[in-house]
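We name chains A, B, ... by the order of the sequence lines, and we start the count at 1 in each one. Bear in mind that the values here come from a model prediction, so they are computed numbers and not experimental data.
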Amino acid sequence: MADIKPNHTIYINNLSDRVKKDELKKSLHMIFTQFGEIIAVMSFRTDKMRGQAHVVFKEVSSASNAMRAMQGFPFYEKPLRIQYAKEDSDVISKAKGTFVERSQKSKNAMKRKRPAGRKDGDDGHAAPNKILYLSNLPEDVSTDTIQVIFNQFPGLKDVRLVPNSAGIAFVEFENEELAEPAREALDNFKITPDMQMKVDFAKK
DNA sequence: AGCACA
């Protein structure tokens with residue numbers, strides 16, 4: 001599992017865990033700075049992270065050279081084990097614009113673990129997904145009208161009327177988590193004084 | 001062995 005793809009950051013393990021954090025970081029900085037500008041050296045003596053460190057370089061090429069040159073280098077009596085980090089460091093992803101807030105990340109992970117597995121029809125409704133199925137709409141409703149109604153919810157992506165089928169439409173959100181609040185709030189919404197729009201998840 | 005973001 002040694003072949004992760006090149007990264008600005010190298011992941012080092014097999015470090016002596018007897019060295020204090022600040023000294024370790026300083027020493028790592030000293031031996032790696034020759035390969036190029038270092039943005040950060042990070043190590044934590046938590047149970048999970050002891051004996052390991054991350055060194056973030058400004059250039060990926062510096063990380064590559066550092067890894068090649070210092071692989072197995074004796075450091076506090078132990079040979080360094082170096083790999084590319086498996087994910088971008090936050091400083092890097094922020095620079096690239098791909099950074100995702102960590103709280104948000106774990107929230108998504110939780111969501112994914114949610115007792116999924118409900119299938120269409122288990123309770124007479126389609127399983128949750130990012131596309132909503134609208135019915136009982138006025139025949140002459142426009143996409144603009146629907147868009148205005150759904151735009152108050154974040155994540156709206158597309159509104160589609162169905163050619164030759166008056167009274168129904170599909171509304172797509174970026175994901176199921178964003179579609180659900182809109183469905184919940186707008187099911188039975190009185191789109192005209194005498195029409196209640198139905199909002200369900202679309203069947204797959 | 002263990003991949004974080006203090």
Side-chain angles (χ1 to χ4, degrees), chain A residues 1-118 127-130 151-157 172-182:
Chain A
M1 194 59 184
D3 30 43
I4 300 177
K5 56 174 170 328
N7 194 294
H8 286 79
T9 304
I10 54 174
Y11 166 75
I12 307 167
N13 65 3
N14 199 41
L15 292 166
S16 165
D17 50 9
R18 296 199 313 279
V19 188
K20 285 173 301 305
K21 181 173 100 166
D22 288 336
E23 182 189 336
L24 181 71
K25 285 167 62 163
K26 212 171 292 174
S27 302
L28 286 169
H29 199 283
M30 288 195 304
I31 64 169
F32 281 111
T33 191
Q34 56 178 313
F35 301 100
E37 185 177 337
I38 294 174
I39 297 179
V41 177
M42 276 168 288
S43 76
F44 311 94
R45 297 181 89 199
T46 57
D47 284 341
K48 190 180 185 194
M49 291 309 295
R50 68 178 52 248
Q52 304 154 76
H54 288 86
V55 178
V56 189
F57 288 95
K58 176 122 181 282
E59 305 292 339
V60 176
S61 58
S62 304
S64 301
N65 291 333
M67 182 165 72
R68 219 186 31 246
M70 300 302 279
Q71 195 63 264
F73 180 80
F75 186 70
Y76 295 103
E77 336 274 42
K78 302 179 72 182
L80 294 178
R81 302 274 178 249
I82 312 174
Q83 298 168 263
Y84 291 114
K86 62 178 168 207
E87 298 194 325
D88 280 344
S89 297
D90 287 357
V91 256
I92 301 300
S93 57
K94 279 173 182 164
K96 288 188 184 170
T98 56
F99 178 70
V100 183
E101 214 45 70
R102 212 164 311 286
S103 53
Q104 199 170 317
K105 242 193 210 168
S106 57
K107 206 184 290 171
N108 289 341
M110 303 279 285
K111 283 279 174 70
R112 234 170 279 123
K113 254 182 267 170
R114 164 183 58 78
R118 244 199 72 229
N129 67 87
K130 66 180 181 179
N151 230 347
Q152 56 186 315
F153 298 89
L156 178 62
K157 265 185 84 176
E172 178 171 351
F173 279 81
E174 273 160 29
N175 56 50
E176 166 191 330
E177 284 74 23
L178 292 170
E180 160 56 22

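Closest contact between the side chain of A:R102 and the listed nucleotides B:dA4, B:dG2, B:dC5 involves B:dC5. When the nucleotides B:dG2, B:dA4, B:dC5 are ranked by their closest atom to the side chain of A:Y11, B:dG2 comes out on top.
Using a cutoff of 4.0 Å between basic side-chain nitrogens and carboxylate oxygens, A:E172 and A:K130 are scored as salt-bridged.
With ring centers used as reference points, A:H8 lies 6.0 Å or more from A:F57.
Shown here for A:L156 and A:F173, the closest heavy-atom pair between the two residues is N-CD2, 3.6 Å.
The residue among A:L15 and A:F44 whose nearest nucleotide of DNA chain B lies closer to the 5′ end is A:L15. Closest-nucleotide positions on DNA chain B for A:Q52 and A:K21 were compared, and the one nearer the 5' end corresponds to A:Q52.
Using a 4.0 Å heavy-atom cutoff across all strands shown, A:M42 reaches at least one base atom of the nucleic acid. Here A:D88 lies in heavy-atom contact (under 4.0 Å) with a base.
When rounded to the nearest whole Å, the span between CG of A:N7 and C1' of B:dA4 equals 12 Å. One can place CD of A:Q83 at 11 Å from C1' of B:dA1, the figure rounded to the nearest angstrom. The nearest whole Å value for the distance from the NZ atom in A:K25 to the P atom in B:dA6 is 10 Å. For A:R81 and B:dA1, the CZ to C1' distance is 13 Å, given to the nearest whole Å. Taking atom CE on A:M49 and atom P on B:dA1, their separation rounds to 15 Å, with Å as the unit.
Looking only at atom types and distance, the side chain of A:E87 has no donor-acceptor partner in the side chain of A:Y11 under 3.5 Å away.
With hydrogens and angles ignored, no donor-acceptor pair under 3.5 angstrom links the side chain of A:T46 to the base of B:dA4.
Regarding contacts with the backbone of B:dA4, a side-chain N or O of A:K48 is found under 4.0 angstrom from either OP1 or OP2.
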